[in-house]
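Just follow the structure's listing: the first ligand is 1, and inside any ligand the first atom is 1. For this chain, numbers begin at 1 and follow the sequence in order.
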Amino acid sequence: MTDFTTVQKNLTDRGFAVKVFATGAEAAAYLNGAIDGTSVGIGGSVTVQELGLHELLAAHNQVHWHWANGPTARTAAMNAQVYITSVNGLAETGELINIDGAGNRVAGTLFGHQKVYFVVGRNKLAPTYEQALWRARNIAAPKNAQRLNCKTPCAAKGDRCYDCKSPGRICRGLVVLWEAMMDMEMEVVLVDEDLGY
Ligand code: SF4
């Protein structure tokens, strides 16, 4: 069982609410109960996909997700009351790290919502900021490049980031949340299962 005690304390000290669940199914049930009768935007997230959150929430919310509703849903998602995504790396010291290509996912974590949820599996956790950043660049990004069939060296080899200059480079912006942003509720939902990349 993963010991989330340290990261939970550090996230709390940085202004994030934190919930911990043993399984993804329990986390999904919690979110399905907490988010009701509102508008929801979802950032590109294999974690969210694995939990089936779009299907669950769309039954009783207005959900905007470009993976399900097409590219124009990105704009609607930006204006939703609630935003849900994951992270590419979470430092045990409490920093949340995301790398993005189009920018909608990281933008959605910075401004414009009443509340942002980050659903984070245990595999995203790294002891330090530097190691969490390394993970985001060398594990999460290459796996996402492979998923998207990008013509990048990381997708071809699958072993690390090559800091490429490819036209198909998906790593174009890095957002680190040192603390919860002002004037928005931010909650990290930690799950003791591997989820996403
Ligand atoms: S910068 Fe290029 S090589 Fe590195 S992970 Fe991103 S797409 Fe892959």
Side-chain angles (χ1 to χ4, degrees), residues 2 7 10-11 14 16 24 41-51 53-54 64-75 77-78 83-113 116-179 181 186 188-191 193-197:
T2 308
V7 71
N10 288 330
L11 285 168
R14 292 173 184 265
F16 297 94
I42 301 177
S45 165
V46 173
T47 295
V48 169
Q49 188 177 48
E50 287 175 348
L51 294 187
L53 282 176
H54 177 267
H64 308 282
W65 194 24
H66 60 291
W67 285 14
N69 311 121
T72 56
R74 284 192 177 109
T75 307
M78 296 303 297
Y83 197 79
I84 306 173
T85 189
S86 185
V87 298
N88 298 134
L90 169 62
E92 201 159 14
T93 43
E95 297 94 341
L96 276 64
I97 297 171
N98 266 316
I99 293 169
D100 206 357
N104 60 296
R105 182 168 58 94
V106 293
T109 68
L110 292 172
F111 183 76
H113 313 289
V116 179
Y117 290 94
F118 299 90
V119 187
V120 183
R122 64 189 175 192
N123 50 314
K124 306 287 183 74
L125 196 58
T128 66
Y129 167 74
E130 287 76 13
Q131 286 166 294
L133 178 59
W134 186 92
R135 178 196 196 282
R137 296 197 72 182
N138 291 284
I139 295 176
K143 285 188 173 177
N144 277 311
Q146 285 187 321
R147 173 178 59 82
L148 295 166
N149 294 315
C150 296
K151 295 191 172 22
T152 59
C154 65
K157 299 182 184 175
D159 54 349
R160 65 176 174 89
C161 171
Y162 290 81
D163 198 16
C164 68
K165 297 291 180 281
S166 317
R169 175 174 168 136
I170 58 168
C171 308
R172 293 171 183 252
L174 167 71
V175 164
V176 178
L177 290 187
W178 286 319
E179 304 224 336
M181 301 303 290
M186 303 195 109
V188 180
V189 177
L190 298 169
V191 182
E193 284 180 351
D194 291 349
L195 293 169
Y197 309 145

> Considering residues at least two apart in sequence or located in another chain, which fulfil the side-chain contact (heavy atoms from CB on, under 4.5 Å) criterion with Ala126?
Replying inline: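 Per chain and number, Ala126 pairs via side-chain contact (heavy atoms from CB on, under 4.5 Å) with Gln131, Ala132.
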> Who passes side-chain contact (heavy atoms from CB on, under 4.5 Å) against Glu50, sequence neighbours left out?
Replying inline: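 Per chain and number, Glu50 pairs via side-chain contact (heavy atoms from CB on, under 4.5 Å) with Val46, Leu195.
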>> Checking Trp178 now: which residues fulfil ring pair (Phe, Tyr, Trp, His ring centres under 6.0 Å) with it, not counting sequence neighbours?
In response: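 Checked Trp178 against ring pair (Phe, Tyr, Trp, His ring centres under 6.0 Å); zero matches.
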>> Is it the case that over 12 heavy atoms from other parts of the model lie below 6.0 angstrom from the CZ atom of Arg137?
In response: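 No.
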> Out of Asn144, Ile139, Val175, which one pairs with Asn88 under the side-chain contact (heavy atoms from CB on, under 4.5 Å) rule?
Replying inline: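 By the side-chain contact (heavy atoms from CB on, under 4.5 Å) criterion, Asn88 pairs with just one of Asn144, Ile139, Val175: Asn144.
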> Which class fits the ring pair Phe16 and Phe118: parallel under 30°, tilted 30 to 60°, perpendicular over 60°?
Replying inline: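 Plane angle over 60°, so perpendicular.
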> Protein N/O/S atoms under 2.8 Å of atom 6 (Fe) of ligand 1?
Replying inline: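 Within the sphere that stays under 2.8 Å of atom 6 (Fe) of ligand 1, the protein atoms of type N, O or S are Cys171 SG.
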